Amino acid sequence: MPGRTGGTPLPSQFYDRPAEEVARDLLGAVLVSTIGGATTAGRIVEAEAYVGPHDPASHAAERIGRTARNEAMFGPPGIAYVYRIYGVHWCLNVVTGAEGYPAAVLIRAVEPLEGVDAMRRRRGDHCSDRGLTSGPGKLAAAMGITGRENGHPLDRPPLMILEGEAVDPSEIAVGPRIGVTRAADWPLRFYVRNNPWVSR
DNA sequence: ATCCGGATCGCCT
DNA sequence: GGCGATCCGGATG
């Protein structure tokens with residue numbers, strides 16, 4: 001599908017807003033990876049906001065402060081924050097808000113648009129189409145994203161987010177974040193209703 | 001120096 | 001629905 005991944009990278013100003021606004025507006029945008037020489041791309045269909053130091057579920061919550069791990073969250077808007085979870089998986093976030101203010105959006109799921117063969121190679125032959133990218137650890141693996149991308153500005157290769165077709169507001173659903181124990185009821189998870197790649 | 005728990009996934013029953 | 005994998009950051013002693 002030529003043209004599908006040839007859009008304009010979202011500028012850093014796009015991310016210089018409250019994380020919940022950015023999370024909502026990222027639905028429909030296109031994540032493109034050329035990591036390892038293979039082009040893979042997917043439409044963002046699920047994202048979660050981690051809104052600031054007052055957010056007890058955030059890796060940069062007040063009680064934790066600024067550390068080596070969460071350093072990227074204090075960086076300028078539009079860079080990647082990639083962390084390892086459970087000693088096994090990588091997860092991709094986009095840093096939001098002004099430099100020095102720690103907030104981010106976790107990309108939880110994408111719908112594959114390009115490079116399905118490369119995704120399957122990385123994820124395993126047994127994997128269904130839906131299982132390729134229907135979760136943060138899955139999409140990171142499918143697109144070759146690791147800790148090397150931590151701090152990378154997402155407006156240039158090898159990892160970019162491009163402007164996409166806007167999702168109709170009636171198709172956007174909101175609910176509590178997944179897997180968090182603190183602030184478990186805050187409605188900061190945004191997803192495209194009925195999309196097969198949304199996790200759970 | 002040691003301990004604990006986690007923004008997950010896949011395989012098991 | 002439950003559990004093990006497999007590691008690191010942060011807290012405690």
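Remember, predicted model here, so these are calculated numbers, not experimental data. Only heavy atoms go into these numbers, but all of them, side chains included; no hydrogens, no water, no symmetry mates. Chain A is the first sequence line, chain B the second, and so forth, proteins listed ahead of strands; every chain is numbered from 1.
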Under 4.0 Å between a side-chain N or O of [X] and OP1 or OP2 of [N]?
X	N	result
A/His59	B/dA7	yes
A/Thr67	C/dG9	no
A/Arg108	B/dT8	yes

Using a 4.0 Å heavy-atom cut-off across all strands, classify [X] as base, sugar-phosphate, or nothing.
X	value
A/Arg189	nothing
A/Ser199	nothing
A/Leu106	base
A/Arg182	nothing
A/Val88	base
A/Arg69	sugar-phosphate

Roughly how many Å is it from [atom1] in [X] to [atom2] in [N], rounded to a whole number?
X	N	atom1	atom2	result
A/Tyr191	B/dA7	OH	C1'	17 Å
A/Arg130	B/dG10	CZ	C1'	14 Å
A/Glu71	C/dG10	CD	P	11 Å
A/Ile64	B/dG5	CD1	P	15 Å
A/Asn70	C/dG10	CG	P	6 Å
A/Tyr83	C/dG10	OH	P	14 Å
A/Trp186	B/dA7	CH2	C1'	14 Å
A/Arg63	C/dG10	CZ	P	11 Å

Is there side-chain contact between [X] and [Y], with heavy atoms separated by less than 4.5 Å?
X	Y	value
A/Asp185	A/Pro176	no
A/Glu149	A/Leu92	no
A/Glu21	A/Phe14	no

- Of the candidate nucleotides B/dT8, B/dC9, C/dC7, which contains the atom at the shortest distance from the side chain of A/Ile178?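 Side chain of A/Ile178 sits closest to B/dT8.
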### Message
For A/Asp129 and A/Arg120: C-alpha separation, side-chain torsions, deciding distance, then whether side-chain contact (heavy atoms from CB on, under 4.5 Å) applies.
### Response
CA-CA 8 Å; A/Asp129 283 355; A/Arg120 202 179 304 282; 2.4 Å; yes
Of A/Lys138 and A/Gly179, the one whose nearest nucleotide on DNA chain B sits closer to the 5' end is A/Gly179
When A/Gly87 and A/Arg123 are each assigned the nearest nucleotide of DNA chain B, the 5'-most assignment goes to A/Gly87
May I ask you to check whether over 12 heavy atoms, not counting those of A/Arg148, lie within 6.0 Å of atom CZ?
->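 Open.
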Open item on the list: Rounded at 0.5 Å granularity, tell me how far CD1 in A/Ile172 sits from CZ in A/Arg24.
Closed with: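 One finds 5.0 Å between CD1 of A/Ile172 and CZ of A/Arg24.
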Distance check, P atoms only: B/dT2 and C/dT6, in whole angstrom units. 23 Å
Scanning all shown strands, the Watson-Crick or wobble mate of C/dT6 with both distances under 3.5 Å is none
Between the base of C/dA5 and the ring of A/Tyr86 - centre-to-centre under 5.5 Å, planes within under 30° - is that a stack? no
